[in-house]
Amino acid sequence: MEQGYNLLHDGILALAEVERNGMRVDLDYAKEKHDELTDLIDDLEEEFKKTKFCKHWGYSLGKTKLNLASPYQLEHYLYKVKKIKPPKMSDSGKKGSTDEESLRALNIPELDLVLRIRKLKKLRDTYLHSFISESVDGFIHPVFNLHFARTFRSSSDSPNFQNIPIRDEEAKEIIRKALFPREGHQLLEIDYSGVEVCIAACYHKDPTMIKYINDPKSDMHADMAKQIFFIDELDKNIPAMKTLRNGTKNGFVFPQFYGDYYINNVASLVAWTKMPQEGIIKSEHGLELPSGIHLGEHLREKGIKSIKQFTEHLKEIEYHFWNKRFPVYNSWRRKWWSAYQKKGYFDTYTGFRISGVWDRNFVINAPVQGSAFHCLLWSLIEVGKALKKYKMKSRIIGQIHDSIVFDIYPPELDDVLDISKEITCVKLLKEWDWIIVPLEIEAEVCEVDQSWYYKKEIKI
DNA sequence: CAGCTCAGCGCG
DNA sequence: AAAGCGCGCTGAGCTG
């Protein structure tokens with residue numbers, strides 16, 4: 001366990017410096033945008049109050065004041081007063097859910113206003129407000145913890161640097177346009193590509209998975225998309241094919257790795273490919289394929305004419321996935337889980353013993369998630385040392401599980417990239433001989449004095 | 001007012 | 001056999 005201790009000791013010293021460095025915030029922008037959102041939210045709330053839907057909801061509450069931000073009140077009105085059948089239940093299973101997915105499924109126009117208000121409040125109160133209130137002299141200093149996460153991953157708070165919007169374009173723009181490098185500097189982010197898949201392979205050593213990782217021309221997600229949707233060739237440059245591949249990656253492959261099963265995968269795949277949620281699959285359903293026909297027609301030709309049949313099909317795919325394609329990975333999962341059940345703990349490659357009462361999915365995922373982060377942490381420590389050794393003006397200002405964010409003095413950009421690449425892809429593999437697959441990094445940069453919104457991938 | 005749980009939602 | 005993993009922040013609603 002000494003190795004694990006030393007990693008966290010060196011790690012927290014390196015991260016303390018990252019915290020002191022911090023990231024520059026455009027406070028004028030943040031405050032202006034904050035107030036702009038407040039005005040917008042006020043207008044939308046006024047608009048909502050004028051609707052019949054809102055008046056009836058308010059009437060149903062009697063003396064209680066209506067609060068459209070209250071899931072509790074909304075749940076009561078929709079599913080008790082109006083007696084609508086909830087599209088799904090909340091996680092606790094006790095109440096009808098009023099999350100975005102559920103409200104969209106109800107197809108009530110007024111609820112779009114509720115969701116719009118919810119989103120804008122999230123951006124204003126969780127991000128812009130915390131940037132303003134946590135900033136000191138125009139810098140935020142997010143905290144990076146190594147002693148909270150059960151997997152020995154990190155976490156971040158005050159403000160959380162690890163959940164800044166990026167998937168939703170509008171949210172990404174509003175929030176990331178508040179974050180800047182030091183004057184005359186530029187932001188750089190390097191990240192490990194598919195590091196959890198690589199680290200998982202070091203644990204289970206499945207030969208087929210190792211082949212996928214070693215052969216850059218092979219593509220596990222494309223192969224699965226071809227198998228699930230009966231396709232002979234998959235060209236990622238064609239948008240519909242890219243959607244099928246990404247839908248398969250995010251709706252089947254990764255959920256399966258995390259311990260999900262085919263029934264849940266159906267709903268996810270159906271959403272990605274625009275197929276009906278249940279019932280009969282018709283010719284006009286689903287993505288339009290390059291041949292001009294819809295996925296629905298294509299599946300019908302292959303004998304899949306209903307969601308029920310698609311579900312049975314996916315059950316067979318799942319069986320093939322774990323018993324024919326990745327049988328060694330599968331037997332590792334069984335052995336790892338069974339060994340834990342006998343011992344009450346499991347050890348990671350990076351020097352940690354995780355003991356306690358856990359469920360199967362945690363026991364299988366924690367060593368991978370933890371060790372993958374430790375690769376990043378070791379690299380961050382070494383890159384930090386190198387920046388000091390060469391007396392560079394560039395600094396590390398943050399870390400997001402598999403990536404490092406830098407505030408770069410522009411003349412040093414190429415050197416920082418060279419140093420980082422050497423440490424992350426060469427030195428780490430010499431230090432830890434249990435890493436039996438190659439690791440790769442990608443890089444994104446902003447131009448000088450540009451906000452974090454503009455980061456773009458570069459070749460390295 | 002402090003402190004808790006829950007629902008919802010942002011990220012890897 | 002079991003039924004996606006890990007985090008932090010906010011507001012609502014409740015208890016004491």
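Chain naming here is simple, since letters A, B, ... match the order of the sequence lines and numbering starts at 1 in each. None of the values given here were measured: they were computed from a predicted structure.
Defining each end axis of the helix from B/dC1-C/dG16 to B/dG12-C/dC5 as the rotation carrying four pairs' C1' atoms onto the next four, with five pairs an end, the two axes are found to diverge by 0° to 10 degrees.
Judged as a salt bridge (Lys or Arg N to Asp or Glu O under 4.0 Å), the pairs with a partner in residues 160-174 of chain A (not counting sequence neighbours) are, in order, A/Arg116-A/Glu170, A/Lys119-A/Asp168, A/Lys119-A/Glu170, A/Glu173-A/Lys177. Within the structure, every pair that satisfies the side-chain hydrogen bond (donor to acceptor under 3.5 Å, both in side chains) test and touches residues 373-382 of chain A, not counting sequence neighbours, is listed here: A/Tyr192-A/Ser379, A/Thr350-A/His374, A/Glu382-A/Lys385. Note on residues 268-278 of chain A: no pairs pass side-chain hydrogen bond (donor to acceptor under 3.5 Å, both in side chains), not counting sequence neighbours.
With rounding to whole Å, A/Trp358 atom CH2 is found 19 Å from C/dA2 atom P. Rounded to whole Å, atom C1' of C/dG4 lies 10 Å from atom CZ of A/Arg360. One interatomic measurement links the two molecules: CG of A/Leu269 to C1' of C/dG4, which rounds to 13 Å at whole-angstrom precision. Rounded to an integer number of Å, the gap from OH of A/Tyr258 to C1' of C/dA2 is 19 Å. For the pair A/Lys315 NZ and C/dA1 P, the interatomic distance rounds to 14 Å; values are reported in whole Å. If you take NE2 of A/His76 and P of C/dG13, they are 12 Å apart, rounded to a whole angstrom. Between A/Arg333 atom CZ and C/dG4 atom P there is a gap of 13 Å when expressed in whole angstrom units. Put simply, CZ on A/Phe257 is 18 Å from P on C/dG6, counting in whole angstrom units.
Near-neighbour residues of DNA chain C inside residues 363-373 of chain A, defined by a heavy atom below 4.0 Å, number-ordered: A/Asn365, A/Gln369. The stretch residues 96-119 of chain A comes close to DNA chain B through A/Ser97, A/Thr98, A/Asp99, A/Glu100, A/Arg118, each having a heavy atom under 4.0 Å from the strand.
In summary, of the residues considered (A/Phe161, A/Phe406, A/Phe180), a ring-ring contact (aromatic ring centres under 6.0 Å, His included) with A/Trp452 occurs for A/Phe161 alone.
For the residue pair A/Tyr203/A/Arg333, the side-chain donor-acceptor check at 3.5 Å is not satisfied. A/Gln73 and A/Thr64 share no side-chain donor-acceptor pair at under 3.5 Å. Under the 3.5 Å distance criterion, with hydrogens and angles disregarded, a donor-acceptor pair is assigned to the side chains of A/Glu189 and A/Ser403. Defined by atom type and a distance below 3.5 Å, a donor-acceptor pair is present between the side-chain atoms of A/Asn264 and A/Asp260. In this structure, a donor-acceptor pair under 3.5 Å is present between the side chains of A/His9 and A/Tyr5.
The cationic atom of A/Arg353 (NZ for Lys, CZ for Arg) lies less than 6.0 Å from the six-membered ring centre of A/Tyr345 and within 45° of the ring axis.
Within the 4.0 Å cut-off from OP1 or OP2 of C/dA3, not a single side-chain nitrogen or oxygen of A/Asn264 is found.
The aromatic ring of A/Tyr261 does not stack onto the base of C/dA3, failing the criterion of a centre distance under 5.5 Å from the six-membered base ring together with planes under 30° apart.
Evaluation of the salt bridge (Lys or Arg N to Asp or Glu O under 4.0 Å) rule for A/Glu45 yields A/Lys121 as partners, not counting sequence neighbours. Judged as a salt bridge (Lys or Arg N to Asp or Glu O under 4.0 Å), and not counting sequence neighbours, A/Arg124 has no contacts. Not a single side-chain hydrogen bond (donor to acceptor under 3.5 Å, both in side chains) links A/Tyr29 to another residue, sequence neighbours left out.
Between A/Phe373 and A/His401, the ring-plane angle classifies as perpendicular under the 30° and 60° cut-offs.
Within a 6.0 Å sphere centred on NZ of A/Lys343, other residues, nucleotides and ligands contribute more than 12 heavy atoms.
In summary, contact between chain A and DNA chain B, defined as any nucleotide atom under 4.0 Å from a heavy atom of the protein, begins and ends at B/dA7 to B/dG12 in the 5' to 3' direction.
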Could you tabulate the donor-acceptor pairs under 3.5 Å formed by side-chain atoms of residues 141-151 of chain A, not counting sequence neighbours?
from     : atom 1 : to       : atom 2 : distance (Å)
A/His141 : ND1    : A/Glu19  : O      : 2.7
A/His141 : ND1    : A/Arg20  : O      : 3.2
A/Asn145 : ND2    : A/Ser155 : OG     : 3.0
A/Asn145 : ND2    : A/Asp157 : OD2    : 2.9
A/Thr151 : OG1    : A/Arg153 : N      : 3.2
A/Thr151 : OG1    : A/Gln369 : OE1    : 3.4

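Remark: side-chain polar atoms of A/Thr51 are paired, donor with acceptor, to backbone N or O of A/Phe48 under 3.5 angstrom.
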Using atom names, set out every protein N or O paired with an N or O of nucleotides 7-11 of chain C below 3.5 Å, distance rounded to 0.1 Å.
from  : atom 1 : to       : atom 2 : distance (Å)
C/dC7 : OP1    : A/Arg150 : N      : 2.9
C/dC7 : OP1    : A/Arg150 : NE     : 3.3
C/dG8 : OP1    : A/Ser155 : OG     : 2.8
C/dG8 : O4'    : A/Asn160 : ND2    : 3.0
C/dC9 : OP1    : A/Ser158 : N      : 3.0

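Heavy atoms of A/Gln73 sit under 4.0 angstrom from primed sugar atoms or phosphate atoms, though from no base atom. Looking at heavy-atom distances under 4.0 Å, A/Ile175 makes no contact with the nucleic acid at all.
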